[in-house]
Q: 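Sharing a structure here in structure tokens format.
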Number of protein chains: 2
Amino acid sequence: MLRKPTSKETARKPNMREAILAAAEELFATNGFNAVSVRDIAQAAGANPGSVTYHFKTKDGLLLEIYRRHCGPMNLRRSELLAAAKRVRDLQDRLEAVVRAYVVPAFTSGSDLAGGGARFTRLRAVMSAEGNEVARKIIAQTFDDTSHAFIDAIHDSLPHIPRTDIVWRSHFLLGALYYSLVTPDRVSRLSRGEADGGDPANAIEQLVQATVAAFQAPALDQAVPAKRRPVVSSKT
Amino acid sequence: MLRKPTSKETARKPNMREAILAAAEELFATNGFNAVSVRDIAQAAGANPGSVTYHFKTKDGLLLEIYRRHCGPMNLRRSELLAAAKRVRDLQDRLEAVVRAYVVPAFTSGSDLAGGGARFTRLRAVMSAEGNEVARKIIAQTFDDTSHAFIDAIHDSLPHIPRTDIVWRSHFLLGALYYSLVTPDRVSRLSRGEADGGDPANAIEQLVQATVAAFQAPALDQAVPAKRRPVVSSKT
DNA sequence: TTATCTTTTGTACGATAGTACAAATCACAT
DNA sequence: ATGTGATTTGTACTATCGTACAAAAGATAA
């Protein structure tokens, strides 16, 4: 039998708590953790600084809650997309589908609650750059499983490439992904306005295309030995 | 006639100033700008907080001086390597040489004064993630020229690829580069110890190999249209 | 030595940080 | 309507921040 939810369970103004989370997410993602004060967050959310303490106890607690909010849904969505991608028969197509399954949820619109979202991905990028401790802990225990699943799936599509190389290349993928969300304006600037770095669809296509090719590159071990390495030494 | 340098020109203890710069560089690169206090820097350098103010006036001034120290030499070295790379006859080899010319100076040892260095690159990565204003200004006016030179050189090796695609892919390269320096341990972790993410030579080879392949990927425009896009929609 | 200039030290000031907490306010069950 | 627990507000405390500045120390030229 389902009962009416009591006031203990139903937040009266879920808007406030949610507004604080959203404001913090945005501010952290654009300015870093330490550059943003609790008062900044409260003001952006139209709340009182005390409210932040009430809902999340500490500033770290607020960050932790942001991660908790997103990690589950994001990994779920990635798993779904990965499972579907694995069912693609053609090896080349499957590789692309797997990469896409990894990339797409990271770019989905920021206001999207459950999809992960570009804003949360940008937040993760910034936290990883700052070496934030809270983020580091929750990331390692939440995303490594997913990362391994993707690496395995990619390895299945490219059996002749050593796993080590695939790890490196998927690492590069994540770096490129992060950076695309952190500094999209740089793309617009360098392309002299011919490309819009902020357009997610554009970024996804470019990233997927480039990454698939990178994964398909010959393995490192047998690729280099016979060839001379050109133009590395210090003197021109 | 050359005269003995007066005390006005010769710093008596260049060690202190240099030690502060080095300490700040390291701390900023690992923790971000706002997480590090002037007192932290002074302590790490074995100096007094007041010394920092004396030499660099403000905390921003200190960051600015770090950039000034590195930008010139780094761009010079890149230009040299790029010029040499451009002289490589074979198109495939030339592309690799150009990419290497871009990557190598960014990874050279941190204690190396004039080469740019991994530490300074990591610093730039962190500052860009934090959206640091001082860094943004000096970066845009110092590195965009270099970036364009590399993009042009790559375009010369790949005339059939639209410039827009090359801009995107070089953007991905920089993101991968940054991330490799920011979180090298992740590579070690995900490869279960089979790769050392902190080994520069390793990282360089992996990055160059992957990036060359990415640049060589078919152009986006003509690559996609006839094909159905597999497995993107929300439902599995 | 003494005078002068550079560098380092010690300390202090105002601003702002995170957080705690009591009072006020609100929404709802009764 | 009223009481009750959840939330919001206002404010205050302590710590630490960036920076200023006077005094001490060190080095050099005469």
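This one's a predicted model, so the numbers in the text were calculated from it and none came from an experiment. Chain A is the first sequence line, chain B the second, and so forth, proteins listed ahead of strands; every chain is numbered from 1.
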Q: For A:Gln43 and D:dT8, what is the distance between atoms CD and C1' respectively, to the nearest whole Å?
A: 17 Å
Q: Rounded to the nearest Å, what distance is computed from the CG atom of residue A:Leu27 to the P atom of nucleotide C:dG18?
A: 12 Å
Q: Would you say D:dT8 has OP1 or OP2 under 4.0 Å from some side-chain N or O of A:Asn48?
A: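 No, no such contact exists.
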Q: Do A:Arg122 side-chain atoms and A:Val182 backbone N/O form a donor-acceptor pair below 3.5 Å?
A: no
Q: Select one nucleotide: of D:dT19, D:dT8, D:dA12, the one nearest the side-chain heavy atoms of B:Thr58.
A: D:dT19
Q: Over how many whole Å does the gap from B:Lys59 atom NZ to C:dT16 atom C1' extend?
A: 13 Å
Q: Could you pick out which residue, A:Ala47 or B:Lys57, lies toward the 5' side of DNA chain D when each is mapped onto its nearest nucleotide?
A: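 So the residue in question is A:Ala47.
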Q: Which residue lies toward the 5' end of DNA chain C, B:Ile20 or B:Pro49, if each is placed at its nearest nucleotide?
A: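 Nearest nucleotide further toward 5': that of B:Ile20.
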Q: If you compare every side-chain N and O of A:His55 against the phosphate oxygens of D:dT8 (OP1, OP2), does one of them come in below 4.0 Å?
A: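 Checking A:His55 against D:dT8: at least one side-chain N or O falls below 4.0 Å of OP1 or OP2.
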Q: Quick one: which of C:dT6, C:dG18, C:dT9 gets closest to the side chain of B:Tyr54?
A: C:dT6
Q: Do B:Glu65 and B:Lys57 meet the salt-bridge criterion of a basic N to acidic O distance under 4.0 Å?
A: no
Q: To the nearest Å, give me how far apart CG (A:Asn34) and C1' (D:dT16) are.
A: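 Value for this atom pair: 13 Å.
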Q: Parallel, tilted or perpendicular: which describes the rings of A:Tyr179 and B:His171, with under 30° parallel and over 60° perpendicular?
A: parallel
Q: Between D:dA20 atom P and B:Phe56 atom CZ, what is the distance in whole Å?
A: 15 Å
Q: What is the distance from CG of B:Leu64 to C1' of D:dG18, rounded to the nearest Å?
A: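 Answer to the nearest Å: 17 Å.
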Q: Rounded to whole angstrom units, what separation is found between the CZ atom of B:Arg39 and the P atom of C:dT11?
A: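 One finds 13 Å between P of C:dT11 and CZ of B:Arg39, rounded.
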Q: Counting the atoms with a prime plus P, OP1 and OP2 as sugar-phosphate, which does B:Ser37 contact under 4.0 Å by heavy atoms, base, sugar-phosphate, or nothing?
A: sugar-phosphate
Q: Only one of A:Ile204, A:Val99, A:Val208 passes side-chain contact (heavy atoms from CB on, under 4.5 Å) with A:Val104; say which it is.
A: A:Ile204
Q: Taking only residues at least two apart or on different chains, which pairs with a member in residues 41-52 of chain B satisfy side chain to side chain donor-acceptor pair (under 3.5 Å)?
A: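 Residue pairs with at least one partner in residues 41-52 of chain B: there are none.
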Q: Looking only at the side chain of A:Ser51 (C-beta and beyond, no hydrogens), which of the listed nucleotides C:dT8, D:dT8, D:dC17 gets closest?
A: D:dT8
Q: Rounding to a whole Å, what distance do you find between B:Ile41:CD1 and C:dT8:P?
A: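 In whole Å, C:dT8 P and B:Ile41 CD1 are 16 Å from each other.
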